[in-house]
Amino acid sequence: MDQFADAIRLYFDQKSVAEYNYLKLLQLGQPVAKIQAKHSGHGASAATSDEAGGLDAVLFLSTKAEVMLTCNVWAEVGLCNGSFGTIEQIWFAENMGPPNLPIAVLVHFHSYSGPAFLDTCSKCIPVPPKVFEWMDDGKYLSRQQVPLRLRYAMTIHKSQGQTLTKAVVDLGKGEKVAGCTFVATSRVRSIHDIVFESMTFDRLKVIGRSKNMQKRLKAEERLKVLAEKTVQTYSTSWS
């Protein structure tokens, strides 16, 4: 397991993700900044990150922390949703500090290929707060936050679209969403690059017994029948 010590953890639930990310943050031995988002509109502060364009209501950050972008900034040069890097500095306005929003967070992005912002670090890019606006039940809402998230752990749902070099996966006690196990196992290129937390055989059998899986199997069977009828129809018309 030593080779997986720095692997990303994939969990089903948000609570486990938050706990593991915070634990890794504390292990860095750096001061931790709790950063509160700015909100406009009743109910905006209670919105999930999915509802608020990938922006979290609260961030815990520190220098040396591994983070990833939660939005597209400049995809052509490697600054897109999911791009990861390491925090070099957190810049606040004079006489300001946490929980206020910083001016920007300076991040060393490994995949960045654009022009250098700093002569001393060609891949270091400042990430300023971003504003996301949306409507809910006819009300105008907004959230302003730095579009970053700790990258030590993420939910299996959030990992969709990511290609990870290696991962440690905790599937939880049940298959609450159809396809959850498949999504987790398909984040890496090889089965040798993934490790699963201990689970019982009953946990695996739960996948086949779940209501969502039964619905999916019935839908696939219906599509199979339709496909066979279509083939028969075309075969008859061409004969």
Side-chain angles (χ1 to χ4, degrees), residues 4 7-17 47-56 68-84 111 113 132-139 141 147 149 151 153-239:
F4 286 90
I8 293 177
R9 261 59 175 176
L10 300 183
Y11 295 99
F12 178 80
D13 62 301
Q14 291 278 8
K15 183 173 183 259
S16 296
V17 170
T48 66
S49 60
D50 287 338
E51 294 169 329
L55 301 178
D56 290 321
M68 68 176 179
L69 273 174
T70 62
C71 68
N72 292 319
V73 176
W74 191 3
E76 292 77 10
V77 296
L79 298 179
C80 54
N81 188 5
S83 296
F84 62 93
S111 61
S113 60
F132 182 80
E133 302 171 341
W134 74 100
M135 295 290 292
D136 182 38
D137 195 24
K139 298 180 295 184
L141 305 175
R149 183 174 293 139
R151 191 180 179 267
M154 66 180 76
T155 61
I156 295 172
H157 169 69
K158 293 286 187 184
S159 74
Q160 294 185 76
Q162 295 271 332
T163 300
L164 308 175
T165 55
K166 51 188 174 180
V168 176
V169 179
D170 187 337
L171 293 170
K173 296 181 179 180
E175 193 80 353
K176 297 181 180 180
V177 178
C180 174
T181 300
F182 172 77
V183 170
T185 55
S186 60
R187 294 311 90 209
V188 295
R189 292 188 173 90
S190 169
I191 193 65
H192 302 293
D193 299 323
I194 193 168
V195 168
F196 291 93
E197 294 288 357
S198 299
M199 70 178 97
T200 64
F201 184 67
D202 286 338
R203 168 64 182 83
L204 295 176
K205 292 193 293 185
V206 166
I207 298 173
R209 294 199 303 262
S210 69
K211 291 182 180 180
N212 285 328
M213 180 58 72
Q214 296 306 314
K215 290 179 181 179
R216 180 170 178 172
L217 290 174
K218 288 181 180 179
E220 289 179 353
E221 184 62 30
R222 182 176 61 83
L223 291 173
K224 181 180 178 181
V225 171
L226 289 173
E228 290 174 350
K229 288 182 178 180
T230 301
V231 170
Q232 291 174 0
T233 299
Y234 277 100
S235 298
T236 302
S237 63
W238 282 95
S239 60

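What's counted below: heavy atoms across the whole structure, side chains too, no hydrogens, waters or symmetry copies.
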Test M154 against M68 for side chain to side chain contact (heavy atoms under 4.5 Å, CB included), laying out the working first.
CA-CA 11 Å; M154 66 180 76; M68 68 176 179; 3.9 Å; yes
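- Separation of atoms CG (D170) and CG (L10) is listed at 10.0 Å; rounding is to 0.5 Å.
- Looking at residues two or more places apart in sequence or on another chain, you find no side-chain hydrogen bond (donor to acceptor under 3.5 Å, both in side chains) involving T165.
- Partners of W134 according to the ring pair (Phe, Tyr, Trp, His ring centres under 6.0 Å) rule, which considers only residues two or more places apart in sequence or in another chain, are F132.
- Residues passing the salt bridge (charged side-chain N to carboxylate O under 4.0 Å, His left out) test with K224: none are found, sequence neighbours excluded.
- With sequence neighbours excluded, no residue forms a salt bridge (charged side-chain N to carboxylate O under 4.0 Å, His left out) with R151.
- The side-chain heavy atoms of V77 and S113, taken from C-beta on, include a pair separated by under 4.5 Å.
- Applying the side-chain hydrogen bond (donor to acceptor under 3.5 Å, both in side chains) criterion to E133, with sequence neighbours excluded, gives Y140.
- Taking CG from L141 and CD from E51, the interatomic distance works out to 9.5 Å, rounded to the nearest 0.5 Å.
- In this structure, T48 OG1 and L55 CG are separated by 11.0 Å, a value rounded to the nearest 0.5 Å.
- A heavy-atom distance below 4.5 Å is not found between the side chains of L69 and C80.
- Applying the side-chain hydrogen bond (donor to acceptor under 3.5 Å, both in side chains) test to D137 and every residue at least two apart in sequence or in another chain returns nothing.
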Is there a salt bridge (charged side-chain N to carboxylate O under 4.0 Å, His left out) between R149 and D56 once you walk through the steps?
CA-CA 8 Å; R149 183 174 293 139; D56 290 321; 3.1 Å; yes
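- Nearest heavy atoms, L164 versus I8: CD2-CD1, 3.8 Å.
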